[in-house]
Amino acid sequence: MGVYLHIPVSGYNVHMLKDTLEGLNDDQINAVTSTEGYVRVIAGAGSGKTRALTHRFAYLVNELGIRPGNILCVTFTNKAAAEMKSRIHELTDDNDTGYICTFHSFCVTVLQEDSHAVSYPKSFMVLDNSDIDDMLSIIYEERGLTLRDMTYAHARDMFEIRKGVTEQNYYMNLIQMSLDDLHQKYMEAENVNDILFYGYLYQEKKCFGLDYNDLIFLTLYIFRKNPEIRLKWQKRLEYIMIDEFQDIDEPQYELMENLCGYHNNLFIVGDPDQTIYTWRGAQPGFLIDFDRKFPHVKTIMMMKNYRSSPQILSAANSLIDCNHDRIQKELIPMLSAERKPVFYSGKSSKKEAEWIAREIERIIEDGTMPGDIAVLYRAHYLTRPIEEVFLHEKLPYRIYSGIQFYERKEIKDAAAYLRMIAYKDDLSFMRTVNTPKRNIGQRRMRFLKEYAEKQKCTLYEAMQANVHTELFNGTGAEKYIAMIEGFASHMNERPVSEILSAVLDVSGYEKMLRTEGNQERLDDLAELKQAVYEWETSVGEETDLLSYLKHMTFFTSLDTPDAKDRVKLMTIHSAKGLEFPYVFLCGMNEGIFPSGKVKTEPGMEEERRLCFVAMTRAEKELYFSNAEGRNASDTSRHLSRFLLDIDSSLLEFTEPLKEERVKKAKEYIIQLNSRFLPDPDKLGFQEGDRVRHRVFGPGTVKKIDMDEEAVFVKFDTMNTPRAISIRAAGKLEKIERS
Ligand code: ATP
Ligand code: MG
C-alpha cells in the first residue's frame, strides 16, 4: 500500500540539487546543466567526463523530472555499463536506470521490441565468434571445404567486410528471402567466398541468429523502412548521452544520428588521445568534427585531472607529446604529489614477475586491499610468468579478460602431447589423438574403448594392436603412433624445449592453429616455449621431460587462494575508462608493447595512445617493468620505445639504466621504423578504385591487405588478381572511372 509523503517542493529541490551537483567543478556543472541541444565535452583522461555524464543522468531525473526510461546512455563496454548503472542508482535512488548500455545491447532492446518489422521472432539468438565457427564447420563439411580454402578467422573477417563495407544491403537476404530460396542461393554459389557467405547467412536465418553487425544493420534498416518505429524511439529517447565518443564507428554514428533526430538532445564526451580502436573502424574525426555536423554545438573543455598524481600525469603527458598527429592539451593535476612512476628491468621475465609480486606484497602489507592493484598488459600471453609467480607466492589474483594461462585450451593440448610422450595415458591420448584431425572419430574411439576394456590395456595400446586392421585404414593412426614412439625413445636425451617445439610441429598442431588464423593461441604456445626455455636455463640439472611435467603440475593443480579480494589482471583494452590506485604495466619491451605487429606510423601512434590510456588508469602509483635477456627465438629483448619517450627525469629507476642497453634499443627502433609500410590512407586509392600499373595497365583494387603487405589488383588483361607489394604501391596510379 502506498504512503503519501508530503514534502515541501522547494525544500526537496534545494536538497536534491545540492546532491546532484555536489563534488563537481564549474565545467562539469556546466556540462550537467546544459541539458538541451548538442553538447560536446572534449577533455583529457581522468578529467571527470564520465563523472559528469553520470551526474547529468541524475540531474535529468532528480531535478528535471525526466523518467530514466527516456534517457539513453551509451558506454563502451558492458562492464562500464554495469558500473555506471550502480553509480546512477546511488545518485537517483531509483531501480529503473533506463537504457544504460552499449550500442550493441541497445540494438538488442530495439530488436526485441520491433523485430516483427523484419519478421524475426523476439527470441533471436545473439551469435559470438564460437557460434559463428560452429556454423562454419557445418558449411565446410557440407560443401567439402577445408581450412586450406580459407581459415575460420579469414572467413569471419570476410563476413565483416562484406556486411560492413562492400555489401551493406546483405541483410535483404535474411529479411526478404525465404529459407528455401536462401538455401538454394547457397547451394548454387560457386566460389569459396560466396559459398561461405551465403552458407553463413542461411545458417543464421535458420536459427534466427544475429551477429554484432546484424544487430546494428537490422536496427538501422528497421528505422529506415519504418518511419513510425523510428519516430517512436526518437520520441522515447528525450536525452542521449555517449561516453568514449572518440572510438565510435560509422554504423554506430548513423544509429546515433537516427536516434537524436526528434528531440535533438545529444551529449557526447571523449578524448582524442585515447582512441584505441581505429583498427576496428573507430573514427576519431566524428568527435573532432562534431561541431561542423550539428547546429549550435556547445563545446566544453575540462582541464583538471582528479585521478592521477602529478608525477603520473607528467610522465603520461611526456609520452603522448611524442605523437605528431594530435591536438595539444595539458592537464592540471588536482591531487597531491606521490612517488614518481617506478621503472624496473629484470634479467628475465621470471625476475620481472618476481619483482612485481614483491612490490605488490609490500603494498598490501602497507594496508592496501589487493583489489586496488591492477596489472595491465598488452596481450593475454603475458600473464604466464606473472601467474606462475603469483601462484607460487599464493597471491590472490583474478584475470578479467580471458582465462588463466595454464587453463587455456592450447596450453592444455600442448601439455597433453608432452604427457602422451612420457606416460601414454588415456586422458592425454583422448586429448591429442584427433587434434588436429586424424580421422579418428567417435566410431573408432568407441571401438578402442571396448577393446581396451576387454584386454585390460590402455587406449594407446589398443590402437597399436589394431592399427593395421581395416578399421584404421585411411586414418592418421599409424603416423601418430610412429610420432609418439619416436619422441618417447629419445625423451631423456633431448631438452624439453626441443621436444615441445618438435612435437607441436610434427603433430601438425601448430599448423592447424596457423591455418585457423588463430594468432592469440599461437602467441600462447610461443610463451609456453619461452617458459620451458627459462625453466631449463634456471634449474641447470634434472631438465628432463618427467621433471618438467612435475614442475608443470604445480601450476595446473594449484588454484589461486579463495579470497574475495584479488589483484586484477587485465589487458589495457579492457581497462579503458577504469581506474586503480596502483597500476603495474608489465612487458615494456619492443615487440611486446609496442606490439611487433605494428607496421605503420599511424599504427604506432595508436599504440602510443594505448600506453597513454594504460598510464592514466593509475591514481597513486605506477610501475613499469620489462625484461632483459633473450627470447626463446634467440632474439634480444630491447627496451620499449615508450619508456625512452618519457623524459627520464620524470621516472624513478630502481637501478641506473645501462647506457649500452639504451643505445642498442635506439638502434633497433630506428631499424624497425625504416621498415614501416606506407600509411594505407595515403596510398592515393582505396578498395574498389580503378588504378593503372605501368606494365599491367588498368585494373581494379580488390583488397588492400596490411597483413599480407599487398594490394590485390584484378588487371583488365588478366583472369586472376595479382598481389602487388604494398611497398611498391607507388607503381599504381589512381584513374577515374570512365
Ligand atoms: P577517462 O578519460 O579515463 O574515461 P574521465 O574523464 O571519464 O576519464 P572520470 O572517470 O569521470 O574521468 O573521473 C576520474 C576520477 O576523478 C574519478 O575517480 C572521479 O570520481 C574523480 N573526479 C571527477 N571529477 C571530480 C571532481 N570535480 N572532484 C573530485 N573528484 C572528481
Ligand atoms: Mg571516462
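Below, all heavy atoms of this structure are taken into account, side chains as well, without hydrogens, waters or symmetry copies. As the structure lists them, so they are numbered: ligands from 1, and atoms in each ligand from 1. Sequential numbering from 1 along the given sequence is applied to the chain's residues.
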> Should we say atom CD of Glu113 is surrounded by more than 12 heavy atoms from elsewhere, each under 6.0 Å from it?
Replying inline: yes
>> Quiz question: by atom type and distance under 3.5 Å, do the side chains of Arg326 and Asn323 form a donor-acceptor pair?
In response: no
>> So, regarding Thr50 and ligand 1 (criterion: nitrogen or oxygen to nitrogen or oxygen, under 3.5 Å), is there a contact or not?
In response: yes
> Going from CZ on Arg40 to CG on Leu287, what distance comes out if it is rounded to the nearest 0.5 angstrom?
Replying inline: 6.0 Å
> Measuring from the heavy atoms of Met302, does anything fall under 4.0 Å of ligand 1?
Replying inline: no
>> Testing the 3.5 Å rule here: is there a donor-acceptor pair between the side chains of Thr275 and Asp247?
In response: no
> Under 3.5 Å, is there a donor-acceptor pair linking the side chains of Tyr623 and Glu652?
Replying inline: no
> Does at least one non-hydrogen atom of Gly44 fall below 4.0 angstrom from an atom of ligand 1?
Replying inline: yes
>> Residue-level breakdown please: for Met334 versus ligand 1, do any non-hydrogen atoms fall below 4.0 Å on the side chain, on the backbone, on both, or on neither?
In response: neither
>> With a heavy-atom distance limit of 4.0 Å, tell me whether Lys304 approaches ligand 1 through its side chain, its backbone, both, or neither.
In response: neither
>> Below a 4.0 angstrom heavy-atom separation, can you tell me which part of Gln274, side chain or backbone, both or neither, approaches ligand 1?
In response: side chain
> Quick one: which of Arg51, Arg617, Arg87, Lys576 has a heavy atom closest to atom 11 (O) of ligand 1?
Replying inline: Arg51
> Which is it for His573 and Tyr277 under the ring pair (Phe, Tyr, Trp, His ring centres under 6.0 Å) test, yes or no, and what are the steps along the way?
Replying inline: CA-CA 9 Å; His573 278 101; Tyr277 279 96; 5.1 Å; yes
> Is Glu579 salt-bridged to Arg307, cutoff N-O under 4.0 Å?
Replying inline: yes
>> Tell me if the centroids of the rings in Phe286 and Phe290 come within less than 6.0 Å of each other.
In response: no
> Does ligand 1 have an atom under 4.0 Å from some heavy atom of Thr616?
Replying inline: no
>> Geometry only, no angles: is Ala52 polar-contacting ligand 1 at N/O separations under 3.5 Å?
In response: no
> To the nearest 0.1 Å, how far is atom 18 (O) of ligand 1 from its closest protein heavy atom, and which atom is that?
Replying inline: Glu579 OE2, 2.5 Å
>> Checking a contact table here: which protein heavy atom is nearest atom 29 (C) of ligand 1, and how many Å away?
In response: Tyr306 CD2, 3.5 Å
> Under 4.0 Å from ligand 1, counting heavy atoms only, is it the side chain of Leu24, its backbone, both or neither?
Replying inline: backbone
> Is it the case that Ser34 and Asn30 place a side-chain donor and acceptor less than 3.5 Å from each other?
Replying inline: yes
> Do the rings of Trp355 and Tyr344 sit parallel, tilted or perpendicular, given the 30° and 60° boundaries?
Replying inline: parallel
> Of the protein's non-hydrogen atoms, which lies at the shortest distance from atom 10 (O) of ligand 1, and what is that distance?
Replying inline: Arg307 NH2, 3.0 Å
> Got the closest protein heavy atom to atom 26 (C) of ligand 1, with its distance?
Replying inline: Gly23 O, 3.3 Å
> Going by the atom numbers of ligand 1, which of them fall below 4.0 Å from some non-hydrogen atom of Asn25?
Replying inline: 27 (N)
> Who's the nearest protein heavy-atom neighbour of atom 5 (P) of ligand 1, and how far?
Replying inline: Lys49 N, 3.5 Å
> Between Phe343 and Phe624, is the ring centre distance below 6.0 Å?
Replying inline: no
> Which value, rounded to the nearest 0.5 Å, describes the distance between Leu266 atom CG and Ile240 atom CD1?
Replying inline: 6.0 Å
> atom 12 (O) of ligand 1: which protein heavy atom is closest, and how many Å away?
Replying inline: Gly48 N, 3.1 Å
>> Tell me the protein heavy atom at minimum distance from atom 24 (N) of ligand 1, and give that distance in Å.
In response: Gln28 NE2, 2.9 Å
> Measuring from the heavy atoms of Ala45, does anything fall under 4.0 Å of ligand 1?
Replying inline: yes
